[in-house]
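What follows is a single structure, written as structure tokens, with notes after it.
The sequence lines fix the lettering, A, B, ..., with proteins before strands; numbering per chain opens at 1.
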2 protein chains.
Amino acid sequence: MVTIKDIARESGYSISTVSRVLNHRNDVSPDAKKKIEEVVEKFHFVPNNNAKHLKQSNTKTIVVLVKGISNMLFSNIVEEIQQMIGRTDYTLVVSYIDEDDNEVEQALQLCRERKPLGLLFLGGNPEFFKQGFAKVDVPSVLVTNRANNLPFENLSSVATDDIAAGKCAVDALLEAGHDKIGIIGGDPVKSYTSHQRYLGCKESFAEHGKEMDLEVCYEKARFSFDSAYRAMKRLVEKYPDLTAVFAMSDVMAIGAIRALRDMDYRVPEDISVIGFDGTVLAEYYNPKLATIRQQYQTLAVRSVEILFGQIELKKEPIYEVVPFEFASGESIKNLK
Amino acid sequence: MVTIKDIARESGYSISTVSRVLNHRNDVSPDAKKKIEEVVEKFHFVPNNNAKHLKQSNTKTIVVLVKGISNMLFSNIVEEIQQMIGRTDYTLVVSYIDEDDNEVEQALQLCRERKPLGLLFLGGNPEFFKQGFAKVDVPSVLVTNRANNLPFENLSSVATDDIAAGKCAVDALLEAGHDKIGIIGGDPVKSYTSHQRYLGCKESFAEHGKEMDLEVCYEKARFSFDSAYRAMKRLVEKYPDLTAVFAMSDVMAIGAIRALRDMDYRVPEDISVIGFDGTVLAEYYNPKLATIRQQYQTLAVRSVEILFGQIELKKEPIYEVVPFEFASGESIKNLK
DNA sequence: TTGTAGGCGTTATCAA
DNA sequence: TTGATAACGCCTACAA
């Protein structure tokens with residue numbers, strides 16, 4: 001393996017000078033720079049990041065922790081963030097972790113290894129934060145979840161108001177004349193987001209003078225096609241006269257629709273469906289999926305802005321709420 | 001930051017003994033092990049991987065290089081691989097790189113930094129291999145692409161026969177009575193896979209006694225919904241009387257269908273569509289997408305088996321072809 | 001079973 | 001503008 005040492009020997013300069021050239025510093029003579037770059041090129045030398053990060057302290061890097069690689073909303077947000085950071089002199093490190101893994105532990109590890117100036121969490125479990133976030137001493141922003149109940153002075157948040165959004169989804173169904181509504185969502189005990197959206201549903205029912213029986217109308221699922229598919233089948237079984245379904249993600253909604261069609265229901269003629277997130281999938285599906293569109297661009301932009309605010313100005317934490325939109329699609333039938 | 005040194009001091013043992021405990025080695029007394037684990041727990045000590053990998057030589061790790069995070073086929077394969085490796089004493093490192101980046105350079109970098117015993121490439125550009133793979137001295141398997149024309153003694157491959165599969169797709173359309181067929185695929189010059197599938201199309205036409213005019217019937221697109229959407233619109237414009245479309249991925253097919261519907265064509269009544277890959281999306285879409293299903297499980301299993309064969313037995317490279325299946329779906333209309 | 005010491009490939013601090 | 005040299009945190013002969 002060719003190291004900086006080899007480049008030094010080969011170019012006739014010292015290790016330090018090579019290092020300077022590699023890090024694009026300007027206290028090097030043009031001659032040295034030229035010669036060293038030639039040798040680097042010739043040997044296809046690439047620095048070893050382990051050694052680099054082990055030693056380096058002053059790194060302008062931001063770490064993004066993404067919970068779940070198959071979450072399209074997150075993919076979109078990451079892409080936006082990448083573009084924004086690309087225009088600054090910061091480096092972005094994106095780390096994907098499993099839906100169920102502990103993002104705070106992972107953050108701690110990354111802090112030791114990359115010494116970032118800021119952290120961006122895409123998705124997160126409040127429990128993990130309560131347990132371990134105290135040990136994170138880097139400015140952070142929780143994106144997509146609210147951090148109001150997580151009183152850490154270095155943790156802000158940018159999120160959609162999940163209660164209002166959940167309410168909006170059910171409002172849409174109720175106002176189209178549906179009142180036998182099933183819900184497919186995550187486990188409200190484990191997923192804070194699901195819990196919030198569920199509260200929104202409840203509120204909507206109450207406001208329309210109706211009761212909502214969790215036992216009958218709610219089915220738990222993971223955020224995947226097939227898990228939602230199975231949940232939809234269970235839901236129909238225990239609530240056979242439902243006329244509409246609110247699925248707490250677009251992926252879930254599509255899983256549910258497939259299940260309904262396999263049971264010979266038509267969507268939306270027999271049963272209406274509304275999703276959540278407003279990913280590109282919703283627009284491409286047949287029928288076009290009604291959904292609650294989260295403003296992923298705004299989420300991305302504000303998360304970065306707030307993070308930089310925290311890093312550079314050491315501001316107070318901010319808990320920002322980003323508006324959502326109702327996208328009507330073609331999957332809701334108006335009964336009125 | 002708490003280091004192994006702190007743990008040593010605090011526990012009363014030496015750094016080496018702590019290191020031994022951390023690496024679960026058995027030449028440590030139970031007392032030492034217990035005491036040190038307590039201290040580690042108390043201080044929430046986590047080793048710094050930079051330092052670890054910098055020094056460590058004997059790492060039983062396999063690196064997977066995935067080209068494109070939004071490729072569902074690859075996600076499925078990765079998941080399978082993860083499960084298989086999980087049952088061994090190897091560690092798996094998954095690295096996602098952009099569709100257009102140079103996977104061989106990235107591989108070189110990872111080899112220096114992680115010293116893996118084997119490499120798995122999910123997708124890859126033969127050009128990059130020709131240029132740089134000679135410097136990779138680790139057993140590798142190219143998954144999804146064939147390496148027959150890449151005569152490196154440490155590079156095997158497991159792949160679907162893209163020519164045969166492309167032919168199968170067009171056969172299906174021709175045999176359903178379609179003969180005005182459009183094709184949406186990657187740039188055949190840049191994407192070897194697309195080129196192979198295109199050759200299959202040509203073969204199918206020839207076998208059915210028809211000609212195929214690349215200029216008229218082929219539209220280039222990236223492997224995304226919206227790029228395929230636009231390609232479909234262009235295709236209809238220059239080939240208005242087509243009755244069927246072969247899209248070289250399921251995602252492309254869905255983008256195309258949306259475009260067709262927006263132009264008031266019905267699928268499959270007016271225009272038939274067949275996709276490629278057989279991802280879960282195909283089954284959940286409406287109409288269920290006809291597609292060429294790649295056996296992602298077999299691809300995953302064989303790639304790992306072949307890699308271990310190379311690592312442990314130093315066998316000759318193998319170029320394995322995995323069978324594919326035609327999934328009829330609901331998106332092809334029979335004109336006969 | 002345990003400890004000492006040297007080194008992994010960089011960066012950073014000084015002095016030249 | 002350069003070059004020694006000491007870290008960075010850990011692993012690993014080798015010695016005890």
Side-chain angles (χ1 to χ4, degrees), chain A residues 1-37 39-40 43-61 91 93 108-117, chain B residues 1-40 43-61 91 108-117:
Chain A
M1 184 172 57
V2 28
T3 76
I4 199 174
K5 232 177 192 162
D6 303 313
I7 304 301
R9 185 172 11 79
E10 207 67 25
S11 65
Y13 286 90
S14 73
I15 291 182
S16 334
T17 306
V18 175
S19 176
R20 287 190 187 97
V21 172
L22 291 173
N23 293 289
H24 305 102
R25 285 168 35 172
N26 47 12
D27 52 347
V28 187
S29 69
D31 281 1
K33 188 175 151 94
K34 182 150 171 284
K35 176 68 188 166
I36 289 171
E37 278 173 346
V39 178
V40 164
F43 286 75
H44 292 97
F45 168 74
V46 182
N48 183 321
N49 280 325
N50 290 317
K52 183 167 178 162
H53 296 137
L54 180 56
K55 178 66 188 174
Q56 208 163 41
S57 47
N58 172 33
T59 61
K60 280 199 135 190
T61 105
T91 304
V93 174
L108 249 18
Q109 174 93 11
L110 281 166
C111 282
R112 320 194 58 187
E113 292 169 6
R114 305 305 299 262
K115 305 180 183 71
L117 262 36
Chain B
M1 184 170 59
V2 27
T3 75
I4 199 176
K5 227 176 194 164
D6 303 314
I7 304 300
R9 186 173 10 79
E10 207 68 26
S11 66
Y13 287 91
S14 73
I15 291 182
S16 351
T17 307
V18 175
S19 175
R20 289 189 186 96
V21 171
L22 290 174
N23 293 290
H24 305 101
R25 287 170 32 174
N26 46 14
D27 53 346
V28 187
S29 70
D31 280 2
K33 187 175 152 97
K34 183 152 171 283
K35 175 66 186 168
I36 288 171
E37 278 173 346
E38 276 172 25
V39 177
V40 164
F43 286 76
H44 293 96
F45 169 73
V46 182
N48 182 321
N49 280 326
N50 291 316
K52 184 168 176 160
H53 297 137
L54 182 55
K55 177 65 190 177
Q56 207 163 40
S57 47
N58 174 32
T59 60
K60 281 200 136 191
T61 104
T91 305
L108 249 18
Q109 174 94 8
L110 281 165
C111 282
R112 323 192 57 189
E113 291 169 8
R114 305 304 299 263
K115 304 181 183 69
L117 263 34

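- One interatomic measurement links the two molecules: NE2 of A:His53 to C1' of C:dA12, which rounds to 16 Å at whole-angstrom precision.
- Taking side-chain N and O atoms only, B:Asn50 has no distance below 4.0 Å to OP1 or OP2 of D:dC8.
- Between the CD1 atom of A:Ile15 and the C1' atom of C:dG9 there is a distance of 9 Å, rounded to whole Å.
- For the 3.5 Å distance criterion, the side chains of A:Asn49 and B:Glu113 qualify, holding a donor opposite an acceptor.
- Atom NZ in A:Lys5 sits about 16 Å away from atom P in D:dG3, given to the nearest Å.
- Of the listed nucleotides (D:dG9, C:dT4, D:dT12), D:dG9 has the atom at the smallest distance from the side chain of B:Thr3.
- The distance between atom NZ of A:Lys52 and atom C1' of C:dA12, rounded to the nearest whole Å, is 14 Å.
- The shortest heavy-atom contact between B:Ile7 and B:Phe43 is CD1-CB, 4.2 Å.
- Residues B:Arg9 and B:Asp6 are paired through a salt bridge, judged by an N-O separation under 4.0 Å between the basic side chain and the carboxylate.
- One side chain, A:Ser14 or A:Thr17, offers a donor N or O that lies under 3.5 Å from an acceptor on the other.
- A:Asp27 comes within contact range of at least one nucleobase, with a heavy-atom separation under 4.0 Å.
- Taking atom CG of residue B:Asp31 and atom C1' of nucleotide C:dT2, one finds them 13 Å apart after rounding to whole Å.
- Closest contact between the side chain of A:Tyr13 and the listed nucleotides C:dG3, C:dG9, D:dT2 involves D:dT2.
- Distance, A:Lys115 NZ to C:dA12 C1': 13 Å, rounded to whole Å.
- Residue A:Arg20 places none of its side-chain N or O atoms closer than 4.0 Å to OP1 or OP2 of C:dT11.
- Put simply, CD1 on B:Ile36 is 15 Å from C1' on D:dC10, counting in whole angstrom units.
- Mapping A:Ala51 and A:Val28 onto DNA chain D by nearest heavy atom places A:Val28 at the nucleotide closer to the 5' end.
- When heavy atoms are screened at a 4.0 angstrom cut-off, A:Asn49 is found touching no nucleic acid atom at all.
- The CZ-P distance, from A:Arg25 to C:dT13, rounds to 9 Å in whole Å.
- Phosphate proximity of D:dT2 to A:Ser29: present, with a side-chain N or O under 4.0 Å from OP1 or OP2.
- Heavy atoms of A:Leu22 sit nowhere under 4.0 angstrom from any nucleic acid atom.
- Proximity of A:Ser14 to the phosphate of D:dG3: a side-chain N or O atom is located under 4.0 Å from OP1 or OP2.
- When every heavy atom of B:Leu54 is checked against every heavy atom of B:Lys115, the shortest pair comes out as O-NZ, 3.7 Å.
- The phosphate of C:dT11 (OP1 or OP2) has a side-chain N or O of A:Ser19 nearer than 4.0 angstrom.
- Across all strands, B:Thr17 comes closer than 4.0 Å only to sugar-phosphate atoms, never to a base (heavy-atom distances).
- When distances are taken from the side chain of B:Lys55 to each of D:dC8, D:dG3, D:dG9, the shortest belongs to D:dG9.
- Heavy atoms only, all atoms of each residue included: A:Arg114 and A:Thr61 are closest at O-OG1, 4.2 Å.
- Checking B:Gly12 against A:Leu54, the closest nucleotide of DNA chain C that is more toward the 5' end is the one next to B:Gly12.
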